[in-house]
Amino acid sequence: MANEKLFWVGIKALIENGEGKILLLNSPGWKQKEIEAHWDIPGGRIEENQSVEEALKREVQEETGITNIENSEFFTAVISNHEIDFEGRTIGLLLMIYKVTTPENSKIKLSGEHTAYEWVDKEEAAKRLAQKYPPEFTSLLR
């Protein structure tokens with residue numbers, strides 16, 4: 001049992017606008033966890049006693065300022081290329097990704113977790129997300 005890898009479950013929102021562009025957030029990285037700056041999609045961990053839908057709405061609101069998710073549909077689940085050291089153990093990240101629709105006039109207001117955002121085409125999104133996400137996810141964007 002001590003040799004088994006532990007995973008945290010995360011929820012991610014793949015937000016596509018009316019022009020077919022994907023919302024990406026720039027993360028400055030975590031020096032204490034040796035993760036470099038990278039592009040990501042909104043999301044985070046599911047908290048105790050929280051449904052997937054509640055976690056998705058909370059994370060999108062916290063990271064983008066968007067308060068209204070009109071639709072969410074399961075897209076895929078993948079194991080992240082990033083791992084986290086926690087209490088002397090290496091923790092993997094299992095990411096459940098949902099396609100999300102938000103109102104077209106939504107204004108982005110970043111949290112302190114990110115330094116910038118961009119709406120990019122799917123090909124560019126796949127390239128930028130390849131640092132954190134495996135090809136099983138990024139190939140679906142092309």
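Hydrogens, waters and symmetry mates play no part in the numbers below; they use all other heavy atoms, side chains included. All residue numbers refer to positions in the sequence shown, counting from 1.
- A salt bridge links Lys122 with Glu16: the closest approach of a Lys/Arg side-chain nitrogen to an acidic carboxylate oxygen falls below 4.0 angstrom.
- Hydrophobic clustering of Ile, Leu, Val, Met, Phe, Trp and Tyr side chains at less than 4.5 Å, counting indirect connections, keeps Leu141 apart from Leu23.
- With Asn81 contributing its side chain and Tyr133 its backbone, the two residues share a donor-acceptor pair below 3.5 Å.
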Which pairs would a plain distance check flag for residues 90-105, meaning a side-chain donor or acceptor within less than 3.5 Å of a matching protein atom at least two apart in sequence or in another chain?
unit_1	atom_1	unit_2	atom_2	d
Thr90	OG1	Asp85	OD1	3.3
Glu104	OE2	Gly18	N	3.0

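- One hydrophobic cluster, built from ILVMFWY side chains closer than 4.5 Å, holds both Leu56 and Val9.
- A donor-acceptor contact under 3.5 angstrom links the side chains of Ser72 and Glu53, judged on distance only.
- Rounded to the nearest 0.5 angstrom, Arg89 CZ and Ile84 CD1 are separated by 14.0 Å.
- Taking CD1 of Ile108 as the start and CH2 of Trp119 as the end, the distance is 5.0 Å to the nearest 0.5 Å.
- Phe74 CZ to Ile11 CD1: the interatomic distance, rounded to the nearest 0.5 Å, is 8.5 Å.
- Remark: the backbone N or O of Pro42 is not paired with any side-chain donor or acceptor of Glu59 at under 3.5 angstrom.
- Salt bridge annotation for Arg58-Glu54: absent, with no cationic side-chain nitrogen under 4.0 angstrom from a carboxylate oxygen.
- Each of Lys12, His114, Arg128 was evaluated against Asp40; a single residue qualifies, Lys12, per the side-chain hydrogen bond (donor to acceptor under 3.5 Å, both in side chains) test.
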TODO: Test Glu36 against Gln131 for side-chain contact (heavy atoms from CB on, under 4.5 Å), laying out the working first.
DONE: CA-CA 9 Å; Glu36 296 177 8; Gln131 182 181 353; 3.8 Å; yes
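- Around the CD atom of Glu70, the shell of radius 6.0 Å holds more than 12 heavy atoms that belong to other residues, nucleotides or ligands.
- Distance check, rounded to the nearest 0.5 Å: CD of Glu124 to CD of Glu118 gives 8.0 Å.
- Considering CD1 of Ile41 and OG of Ser27, their distance stands at 13.0 Å, rounded to 0.5 Å.
- Side chains of Phe75 and Leu140 form a contact here, defined as non-hydrogen atoms less than 4.5 Å apart.
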- [ ] Kindly indicate, with the supporting measurements, whether the criterion side-chain contact (heavy atoms from CB on, under 4.5 Å) is fulfilled by Tyr117 and Thr64.
- [x] CA-CA 9 Å; Tyr117 74 92; Thr64 69; over 6 Å; no
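- With hydrophobic clusters built from ILVMFWY side chains whose heavy atoms lie under 4.5 angstrom apart, Val78 does not share a cluster with Ile46.
- Across every non-hydrogen atom of Asp121 and Lys21, the tightest pair is N-CG, 4.2 Å.
- Taking the side chain as every heavy atom from C-beta outward, Leu14 and Ile22 approach each other to under 4.5 Å.
- Using a 4.5 Å cut-off between side-chain heavy atoms of Ile, Leu, Val, Met, Phe, Trp and Tyr, with links allowed through other members, Phe7 and Phe137 fall into different hydrophobic clusters.
- Put simply, CH2 on Trp39 and CG on Leu24 are 6.5 Å apart, with the number rounded to the nearest 0.5 Å.
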